[in-house]
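Beneath this line is the structure, given in structure tokens, with notes to follow.
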Amino acid sequence: METRPQGGRKGPPPRDVPPVVGLLLSMALMNALLYLCLDWLFISPRRSTEDPTRCPYGHFRMGLTSNCSPWLSCEQLRTEVRQMKRVGEGAVKRVFLSEWKERKVALSRLTRLEVRDDFLHGLRMLKSLQSEHVVTLLGYCEDDNSILTEYHPLGSLSSLEATLNLSKYRSTNTWQHRLQLALGYVAIIDFLHRSPLGTLVMCDSSDLPKTLSQYLLTANFSIVLNDLDALPLVNRSTGALVKCGHRELRGDFVAPEQLWPYGEDVPFHDDLMPAYDEKIDIWKIPDVSSFLLGHVEGSDMVRFHLFDIHKACKSQTPAERPTAQDVLDTYQKVLNLLRDTVTSQTREML
Ligand SMILES: Nc1ncnc2c1ncn2[C@@H]1O[C@H](COP(=O)(O)OP(=O)(O)O)[C@@H](O)[C@H]1O
Ligand SMILES: *[C@@H]1O[C@H](CO)[C@@H](O)[C@H](O)[C@H]1NC(C)=O
Ligand SMILES: *[C@@H]1O[C@H](CO)[C@@H](O)[C@H](O)[C@H]1NC(C)=O
Ligand SMILES: *[C@@H]1O[C@H](CO)[C@@H](O)[C@H](O)[C@H]1NC(C)=O
Ligand SMILES: [Mg+2]
């Protein structure tokens, strides 16, 4: 039986802030007070691991005040939910903004019967993995191929730049919030890799736009996983690995072990394609995080501090990549370090 390389940490050793970063920080000093205010207003909460307000299995709560209700049945979905406009579509689901008891909800419908197995796998995962990291399930009807979830008006991470560009949200377009989003993303990967069902791999992520479309931005500026249709299980005891689909993958967004290894002369054959494990998700973290960090004042300073851990994520050998937990710990340390640095430099200035 294989053991997880939990101890083989790849994070960078603690060290002093290099001069270039000091300079960047000084340049940011004028904004420091604003940063701190936003910091306290928006970032401080939301670090609990287990939400005591969660409902028992088979129930949901919308908002903190209401009670837990059982998931809606087929009958209720048919009679109480009013379908309004289409807000999204992927290969498996067509998603409609809908109304239930005067509340906005999201109704997902199967697009075509050929992908019903994926749809049902996603539903099973959604039921089993309800947590702060996953969109809230409100009900489902297998007979009608429909799923009802919480509606998130800010949509998926694909529209993050556009959302942060809206005048209403422009003040939240800071490196602090964006690093917090990256932390939330890695926390989801960590949650999947150590889920109650075992080590799950986020397969529906063959390029960056597709990957971003699987996650929703909540009104609180946290991230939840929305599309759970392709989450195969790695079984460490049996050594069972996974493959993401049956077709050839290309490009450098996917991990190198996901590429056809036998060269152009040998035609791709799924049966000959080797399987792999959850470390493919680690390979993709630097690209997703870099998108989340964007190009605001301070983004490059954060990138600089994440350089070593991201380099380790891009190890050609999967086993040499850190675990999601390692990455999460490093992100948290960088966030704390940069906050403290900004805080002490502000004090010096005052
Ligand atoms: N609960 C929701 N609130 C708001 N938008 C949603 C919600 N669920 C899905 N969407 C939108 O629909 C798109 C497709 O949803 P997804 O579950 O990824 O479908 P598929 O399984 O077909 O890929 C998402 O990228 C997002 O833009
Ligand atoms: C945001 O957080 C508040 C309280 O922390 C909670 O009541 C609300 O449901 C959250 N909203 C979303 C969309 O997660
Ligand atoms: C941001 O908004 C401005 C106008 O307010 C627009 O010119 C620009 O294209 C927008 N950028 C993005 C990424 O949406
Ligand atoms: C791994 O496979 C074994 C044998 O089939 C099974 O008993 C076990 O439950 C599996 N583990 C997980 C996490 O699914
Ligand atoms: Mg999707």
Side-chain angles (χ1 to χ4, degrees), residues 1-4 60 62 72 81 83-100 103-126 128-130 133-140 145-163 185 188 192-242 244-245 275 277-278 288 291:
M1 177 172 155
E2 259 181 85
T3 52
R4 294 168 61 97
F60 69 93
M62 283 176 90
L72 303 198
V81 176
Q83 183 175 312
M84 295 177 342
K85 69 165 185 175
R86 204 187 73 173
V87 292
E89 180 165 346
V92 177
K93 288 171 255 125
R94 193 169 289 132
V95 185
F96 298 89
L97 166 63
S98 305
E99 207 175 54
W100 174 68
R103 274 175 283 201
K104 287 178 176 176
V105 292
L107 183 67
S108 300
R109 295 189 172 285
L110 178 65
T111 51
R112 51 205 170 92
L113 280 173
E114 301 89 271
V115 289
R116 187 163 191 259
D117 285 348
D118 299 281
F119 182 86
L120 292 177
H121 174 79
L123 174 58
R124 215 162 38 242
M125 293 289 137
L126 202 50
S128 304
L129 297 176
Q130 288 292 293
H133 298 298
V134 171
V135 73
T136 300
L137 177 65
L138 308 179
Y140 63 91
N145 299 312
S146 61
I147 298 176
L148 195 70
T149 54
E150 195 172 7
Y151 175 68
H152 291 285
L154 298 183
S156 87
L157 287 183
S158 315
S159 45
L160 180 68
E161 287 305 339
T163 301
Y185 169 73
I188 294 173
L192 293 177
H193 290 184
R194 299 188 295 140
S195 92
L197 302 176
T199 299
L200 301 169
V201 183
M202 182 55 195
C203 265
D204 224 338
S205 56
S206 48
D207 55 48
L208 182 61
K210 188 166 188 179
T211 306
L212 298 172
S213 77
Q214 319 299 13
Y215 301 85
L216 301 174
L217 184 62
T218 74
N220 292 348
F221 270 80
S222 60
I223 301 178
V224 290
L225 177 57
N226 174 65
D227 186 344
L228 298 84
D229 298 347
L231 292 176
L233 184 70
V234 171
N235 193 326
R236 300 245 155 238
S237 358
T238 59
L241 301 175
V242 306
C244 294
D277 67 10
E278 78 280 8
V288 177
F291 168 84

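All residue numbers refer to positions in the sequence shown, counting from 1. Keep in mind that the numbers below use all heavy atoms, side chains included, and drop hydrogens, waters and symmetry copies. Whatever order the structure lists ligands and atoms in, that order sets their numbers, starting from 1.
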Nearest protein heavy atom to [atom], by residue and atom, and its distance?
| atom | value |
| --- | --- |
| atom 9 (C) of ligand 1 | Asn226 ND2, 3.3 Å |
| atom 20 (P) of ligand 1 | Asp227 OD2, 3.3 Å |
| atom 10 (N) of ligand 1 | Val95 CG1, 3.9 Å |
| atom 27 (O) of ligand 1 | Ser156 CB, 3.8 Å |
| atom 11 (C) of ligand 1 | Gly88 CA, 4.0 Å |
| atom 1 (N) of ligand 1 | Glu150 O, 2.8 Å |
| atom 5 (O) of ligand 4 | Thr238 CG2, 4.1 Å |
| atom 24 (C) of ligand 1 | Ser213 O, 3.5 Å |
| atom 14 (O) of ligand 4 | Leu233 CD2, 3.2 Å |
| atom 13 (C) of ligand 4 | Leu197 O, 3.9 Å |
| atom 5 (N) of ligand 1 | Leu216 CD2, 4.0 Å |

Which residues and atoms, protein N, O or S only, are under 2.8 Å from the Mg ion (ligand 5)?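 The answer is Gln214 OE1, Asp227 OD2.
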Regarding atom 22 (O) of ligand 1: of the candidates Lys104, Lys210, His152, Lys93, which has the closest heavy atom?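 Answer by nearest heavy atom: Lys93.
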Just how far is it from atom CG of Asp117 to atom CZ of Arg124, taken to the nearest 0.5 Å?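 Rounded to the nearest 0.5 Å, the CG-CZ separation comes to 8.5 Å.
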Polar contacts were defined as any N/O atom of the residue lying under 3.5 Å from an N/O atom of the ligand; does this apply to Asn235 and ligand 4?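 Asn235 vs ligand 4: N/O contact under 3.5 Å present.
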Pick one: which of Val81, Leu137, Thr136 meets side chain to side chain contact (heavy atoms under 4.5 Å, CB included) with Leu148?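 With Leu148 as partner, Val81, Leu137, Thr136 yield a single side chain to side chain contact (heavy atoms under 4.5 Å, CB included), made by Val81.
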